Peer 1: 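The structure under discussion is supplied below as structure tokens; questions concerning it will follow.
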Amino acid sequence: MSIRIYNTLTRRLEELEPLVPGEVSLYVCGPTVYADAHIGHTMGPVLFDAVARWLTARGYRVRFVNNITDIDDKIIDRARASGESWQAITQRYTAQYLDLLATLGVETITAHPQCSNHIDHMIPFIGELVEHDIAYRAEDGIYFDVSRHQGYGKLSGRHLDELQAGARIERRSDLRNPQDFCLWKLAKPGEPSWPSPWGDGRPGWHIECSVMSEQLLGRAFDIHGGGDDLKFPHHENEIAQSEANGRPFARIWMHTGLIQYQGAKISKSDPRMQDAAFAAQFMAKNAIASYGGATLRFLFLQGHYRRPVDFAPDSLRAAGTAYRRLQRLIGDLADDDERLGLDAILARPLAPELAEHRAAFCAAMDEDFNTGQAIARLFSLAALARKSDDQQAEQARHLIRDLGRCIGLFRPGEQQQEQHPDDHLAASLMDLILDLRAQARQAKDYATADTIRDRLKALDITVTDGPKGASWSRDG
RNA sequence: GGCGCUGUGGCGGAGCGGCUACGCAGCGGAUUGCAAAUCCGCGUACCCCGGUUCGAAUCCGGGCGGCGCCUCCA
């Protein structure tokens, strides 16, 4: 068994050979916390959570770092506009972000370092660069001289001369190269700042990832991940800083596809985002409220992590329907919080057709984490479970649950969480309503029973009559 | 303009040299007080044009289209 990963840096599938046998170190860029998180912020963590879960299932110990950028011009602007302190803003949105990840079942992240806690590691890092004349003082801060790093552009396939030819970059007489980037930004009056040998100021955007990854994972680590839009300049600059400073840095780079809407990416600067109602549909909290965290997670995992995901209501609904069918099939097996390693799952003796799907699921995951193909096998197992005899059906149901859990599906309690969104009043009222309906049915007053069901349906609540009485669920 | 990705059935979305992907929707049937849920059955798709091959959605060349990055972004 070996795991192959598409390395953006080499543009090839490469076998995962961790620096430390049996351990995988993973760093994934997280959000800048100054506003409500959008679904794109949550997709990366979900995707990499599935990666981490799979590696864990495969027996690796995974260290997974996901940073929080809590110092940034936009945060400062926001604080100034609202009158709040920047800390109040970042604390609020950091808490929201972590809460969203929990709702989406992201459980594998081992550290969420915050930029503001690592300034004292950044200063010596920048100091080293200055010492070697790789970084220099410009008018408003310390800048990295990109010409001092030979491989600059290797990740994004760019050459400095081409970049220079582009007219997009503002020319500044105090910079050595137009694409030099800021490592330390000197503070203007009233801005939050930290002392440094070059004057009070704050770190530039890129430096935190180079420094915090080193702090938490070491100078060399296995995988660096992030959204495709970070490839340039963010990741390119991270590489430049770290390598120019004698760090080997990341071996494998993984980039995730981006959220799209009607075939195109929605950028922060998209004019439509000015419309509050338009922007609201991309807020993670709203998407979760409408469709549920598990459905959102399932949607992300149905495709391949490198491909963009079109965020359309129809896709969400289809994903919700499909996922609920699997949940129903598994039924109360999902209540059990049993989490098996792959060895245990593979050791279980099975009928050949079940074993074939099990093997295909694993092969799909081993080959660049093809969750979409893996999930297809779950549906094939579901079909078998429905037509097999009791014993084999039971095996298939267990297998669906256990394999699914290797990528974060079928988490214990997730159905309750979604069906009764921590509203005890709603749950009690539903009990009351269903009791009355059961009485009506007992009295063969089907007209009343149907009216109750139809009116609940209009509220997106589905009532299901079963042998043990009626149950209800909220439709995505 | 540069770099990269991509074009699959109504929709979403894998596959990337030969075998039903899969899901959603739809249609027919079974079951059901009616529904829901569940079950059974049904679609033979790969942008265009050349080429390679016994065989191509899958490889190569050309064309046309879409998307991303090159400014903020996960």
Side-chain angles (χ1 to χ4, degrees), chain A residues 8 11 28-32 35 37-48 66 69 72-74 97 153 155-159 161-163 165-170 179 205 225-236 255-260 262-270 273 284 298-299 302-304 306-310 312 314-326 328-329 357 360 364 367 370-383 386-387 441 444-447 449-450 453-454 456-457 461-466 470-473 475:
Chain A
T8 317
R11 298 190 187 114
V28 175
C29 291
T32 302
H38 62 262
I39 43 183
H41 288 128
T42 61
M43 183 167 79
V46 166
L47 263 16
F48 283 104
N66 180 230
T69 301
D72 179 86
D73 289 2
K74 288 188 289 291
Y97 176 67
L155 178 68
S156 52
R158 264 158 253 262
H159 302 285
D161 44 346
E162 282 164 5
L163 285 167
R168 300 293 283 273
I169 305 162
E170 187 191 343
Q179 46 288 119
W205 175 33
D228 199 45
D229 53 350
L230 296 185
K231 212 188 282 178
F232 188 89
H234 183 52
H235 290 160
E236 198 70 72
H255 287 94
T256 61
L258 303 174
I259 293 283
Q260 300 193 341
Q262 294 176 346
K265 180 191 163 192
I266 310 290
S267 292
K268 291 236 153 116
S269 55
D270 191 301
M273 293 303 269
F298 187 76
L299 176 78
Q302 251 188 324
H304 185 97
R306 280 194 273 136
R307 311 307 303 282
V309 174
D310 208 86
D314 283 349
S315 304
L316 265 310
R317 269 191 288 274
T321 306
Y323 187 55
R324 251 173 271 131
R325 292 190 67 212
L326 287 177
R328 279 195 200 102
L329 178 72
H357 290 304
E367 187 76 352
N370 197 330
T371 50
Q373 206 172 23
I375 286 173
R377 294 301 178 157
L378 261 25
F379 284 105
S380 303
L381 285 166
R386 287 172 183 129
K387 63 175 68 164
R441 293 188 62 197
K444 298 230 189 292
D445 177 7
Y446 294 123
D450 290 354
R453 192 182 56 215
D454 293 345
L456 287 172
K457 186 71 192 171
I461 293 171
T462 301
V463 174
T464 306
D465 292 319
S471 62
W472 61 280
S473 63
D475 302 331

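What's counted below: heavy atoms across the whole structure, side chains too, no hydrogens, waters or symmetry copies. Each chain gets a letter, A, B and so on, in the order its sequence line appears, and its residues count up from 1. As the structure is a computational prediction, the values presented were derived from the model and not from experiment.
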Peer 1: Select base, sugar-phosphate, or nothing to describe what A:Gly44 touches, counting heavy atoms under 4.0 Å on all strands.
Peer 2: nothing
Peer 1: Sequence neighbours left out, what passes side-chain contact (heavy atoms from CB on, under 4.5 Å) with A:Asp270? Give chain and number order.
Peer 2: A:Ile266, A:Arg272, A:Met273
Peer 1: Taking the side chain as every heavy atom from C-beta outward, state whether A:His38 and A:Ile259 have any atom pair closer than 4.5 Å.
Peer 2: no
Peer 1: Within less than 4.0 Å of OP1 or OP2 of B:C70, is there a side-chain N or O belonging to A:Lys231?
Peer 2: no
Peer 1: List the residues meeting salt bridge (charged side-chain N to carboxylate O under 4.0 Å, His left out) with A:Arg377, not counting sequence neighbours, and say none if there are none.
Peer 2: none
Peer 1: Under a 3.5 Å cut-off for both contacts, is B:G68 paired Watson-Crick or G-U wobble with anything, and if yes, with which nucleotide?
Peer 2: B:C3
Peer 1: Polar-atom pairs under 3.5 Å, protein N or O versus N or O of nucleotides 26-31 of chain B: list them with distances, or write none.
Peer 2:
none

Peer 1: Just verifying a value: how many Å separate A:Gln302 CD and A:Thr371 OG1, rounded to the nearest 0.5 Å?
Peer 2: 9.0 Å
Peer 1: Please encode protein proximity along nucleotides 9-21 of chain B as a string of B, S and -, counting only heavy-atom distances under 4.0 Å.
Peer 2: ----SSS-----B
Peer 1: In terms of the nearest nucleotide of RNA chain B, which residue is placed more toward the 5' end: A:Phe379 or A:Ser156?
Peer 2: A:Ser156
Peer 1: Across the strands shown, which category fits A:Ser267 at heavy-atom distances under 4.0 angstrom: base, sugar-phosphate, nothing?
Peer 2: base
Peer 1: Using purine N1 to pyrimidine N3 plus N6-O4 or O6-N4 for Watson-Crick, or N1-O2 and O6-N3 for G-U wobble, both under 3.5 Å, which nucleotide pairs with B:A30?
Peer 2: B:U38
Peer 1: Can you name the residues that form a ring-ring contact (aromatic ring centres under 6.0 Å, His included) with A:Phe298, not counting sequence neighbours?
Peer 2: A:Tyr323
Peer 1: Mind checking if A:Thr464 touches a base, just sugar-phosphate, or nothing, with heavy atoms under 4.0 Å?
Peer 2: base
Peer 1: Please determine, for B:C19, whether a Watson-Crick or G-U wobble partner exists with both distances under 3.5 Å, and give it or none.
Peer 2: none
Peer 1: If you round to the nearest 0.5 Å, how far is OG1 of A:Thr321 from CZ of A:Arg324?
Peer 2: 5.0 Å
Peer 1: List the residues meeting side-chain contact (heavy atoms from CB on, under 4.5 Å) with A:Thr8, not counting sequence neighbours, and say none if there are none.
Peer 2: A:Leu155, A:Lys231, A:Trp253, A:His255
Peer 1: Is A:Arg325 near enough to B:C24 that one of its side-chain N or O atoms lies under 4.0 angstrom from OP1 or OP2?
Peer 2: yes
